[in-house]
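Quick notes on the structure that follows.
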Protein chains: 2
Amino acid sequence: MSAALRLADERGLDHVTVEEISEAADVSPRTFFNYFATKDDAIIGEQIADGPSVCDRLLATPVEVPLIPAILAALTPEIEQFQADRDLWLLRMRVIKDNPALLPILVSRGAVAEQESAVAIATRLGLPADDFFPLLAATLTGTAVRAAMMRWADTDGAGDLLELVREAFGVLAGGLQPEHLNPEKQKGNR
Amino acid sequence: MSAALRLADERGLDHVTVEEISEAADVSPRTFFNYFATKDDAIIGEQIADGPSVCDRLLATPVEVPLIPAILAALTPEIEQFQADRDLWLLRMRVIKDNPALLPILVSRGAVAEQESAVAIATRLGLPADDFFPLLAATLTGTAVRAAMMRWADTDGAGDLLELVREAFGVLAGGLQPEHLNPEKQKGNR
DNA sequence: GCGCGAAGTTGCAGTCCCTGCAAACTTTTA
DNA sequence: TAAAAGTTTGCAGGGACTGCAACTTCGCGC
């Protein structure tokens with residue numbers, strides 16, 4: 001994975017062959033494919049295998065807690081994990097940004113987790129499993145997290161990822177009003 | 001495109017080769033690739049080449065109109081176009097649902113348009129082009145539209161797509177409160 | 001140390017996606 | 001009717017990916 005990321009960052013993903021990656025990693029190309037189904041998978045990584053744990057945490061949160069804070073709380077440990085693997089993720093996001101074909105793949109990985117989250121949200125709210133709202137809530141919050149990560153990567157990890165996610169959730173909770181952005185910055189302005 | 005959709009629907013995308021598609025369409029495989037960069041492109045289609053027009057309409061809407069209604073209005077003609085090509089899109093969405101690998105591609109097509117919309121939103125609100133909010137608003141609304149389309153396809157196009165999009169935007173505007181869903185249905189309940 | 005089975009690694013053959021190039025073919029224009 | 005412009009096609013080839021069978025590696029009881 002590191003070999004793939006490094007080479008893709010240096011030369012661009014399509015100018016790197018699986019043969020080169022495997023050579024850099026000291027394995028045969030065949031072995032590469034024993035671990036990654038596709039070349040792209042070596043860049044994206046196993047992914048936020050958080051599906052289960054996020055859902056578990058979401059279900060464990062008391063029902064009194066409003067939806068958005070509950071989701072945010074359930075997500076927090078994952079976010080912190082991202083920050084812990086800061087360099088890995090910044091490199092990964094840079095490569096993804098330079099190879100737009102990868103972004104959709106990143107999204108689709110989240111889609112599975114979102115599907116599961118949707119079910120958790122439905123049970124939380126006592127809605128039928130096939131209601132539109134839980135799905136919508138899951139995909140929208142997932143998008144918010146992803147946007148925050150992009151933003152984080154765009155600023156080279158200068159800001160605090162968790163804070164960015166909070167901002168994004170704030171906008172979401174506030175009904176997409178610009179005023180709800182950057183609450184802490186606006187505090188300083190008043 | 002129809003040949004590709006038909007065959008993919010019948011057998012599953014990975015059990016159809018480009019050679020078969022081109023044969024069904026009475027062209028050579030080489031010609032296929034003159035029109036579609038990838039096999040997947042034949043399924044997804046040229047796509048919502050609405051990028052420009054949606055932005056234009058958004059910029060043309062008076063600034064007094066709140067953001068969400070403005071975006072909804074700018075989107076409406078496209079949505080209606082989807083409904084007009086109902087069968088095409090329902091088939092397409094079914095194939096996409098059966099081949100999850102395609103979903104990311106659909107998303108990425110929208111991503112370009114979203115990027116442009118973000119700029120339009122920024123100018124509309126008088127925010128700097130690199131502000132977080134416009135990007136967030138563009139990706140969130142894009143996600144809402146996509147979720148509505150999925151929902152529409154899931155119900156086999158039974159409901160009204162535009163109405164579903166309105167519901168999704170309502171949830172978005174209402175800060176992700178379940179109460180904001182299905183306003184017209186709730187009317188009947190009161 | 002020695003067989004032995006499980007697990008991991010590799011090579012090979014083959015399919016399919018996709019590309020550049022140049023030759024044919026078709027249509028338009030003069 | 002001949003040249004120009006636009007399309008379609010075949011061909012050669014690179015690279016992703018898979019199934020299979022052989023080969024190494026490693027731990028373990030003897």
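Per chain, numbering begins at 1; letters A, B, ... match sequence-line order.
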Original post:
According to a 4.5 Å side-chain heavy-atom criterion applied to Ile, Leu, Val, Met, Phe, Trp and Tyr, with indirect links allowed, do B:Val119 and A:Leu176 form part of one hydrophobic cluster?
Top reply: no
Original post:
Any sub-3.5 Å donor-acceptor pair from A:Asn99's side-chain atoms to A:Leu102's backbone N or O?
Top reply: no
Original post:
Do side-chain atoms of B:Arg124 reach the backbone of B:Thr61 as a donor and acceptor pair under 3.5 angstrom?
Top reply: yes
**OP:** Give me the residues of residues 1-28 of chain B where at least one heavy atom lies under 4.0 Å from an atom of DNA chain D, by number, or none.
**Re:** B:Val27, B:Ser28
Subject >> Same cluster (ILVMFWY, side-chain, under 4.5 Å), A:Phe169 and B:Leu135 >> reply: no
Original post:
Heavy-atom contacts under 4.0 Å between residues 31-43 of chain B and DNA chain C, which residues?
Top reply: B:Phe33, B:Ala37, B:Thr38, B:Lys39
**OP:** State plainly whether the residues B:Lys97 and B:Asp154 are in salt-bridge range, i.e. N to O under 4.0 Å.
**Re:** yes
Subject >> A:Arg151 side chain to A:Leu164 backbone, donor-acceptor under 3.5 Å >> reply: no
Original post:
Has the side chain of B:Arg30 got a donor or acceptor that lies under 3.5 Å from a partner of the other kind on the base of C:dG20?
Top reply: yes
**OP:** Count the heavy atoms belonging to other residues, nucleotides or ligands that lie under 6.0 Å from CD of A:Glu23, then report whether that count exceeds 12.
**Re:** no
Original post:
Got a donor-acceptor contact below 3.5 angstrom from the B:Glu78 side chain to the B:Leu75 backbone?
Top reply: no
Please tabulate the protein-to-nucleotide N/O contacts below 3.5 Å involving nucleotides 24-27 of chain D, giving atom names and distances.
none

Original post:
Is it the case that more than 12 heavy atoms not belonging to B:Glu19 sit under 6.0 Å from its CD atom?
Top reply: no
**OP:** Tell me, with the steps shown, if B:Met1 and B:Phe36 meet side-chain contact (heavy atoms from CB on, under 4.5 Å).
**Re:** CA-CA 9 Å; B:Met1 232 172 65; B:Phe36 304 107; 4.1 Å; yes
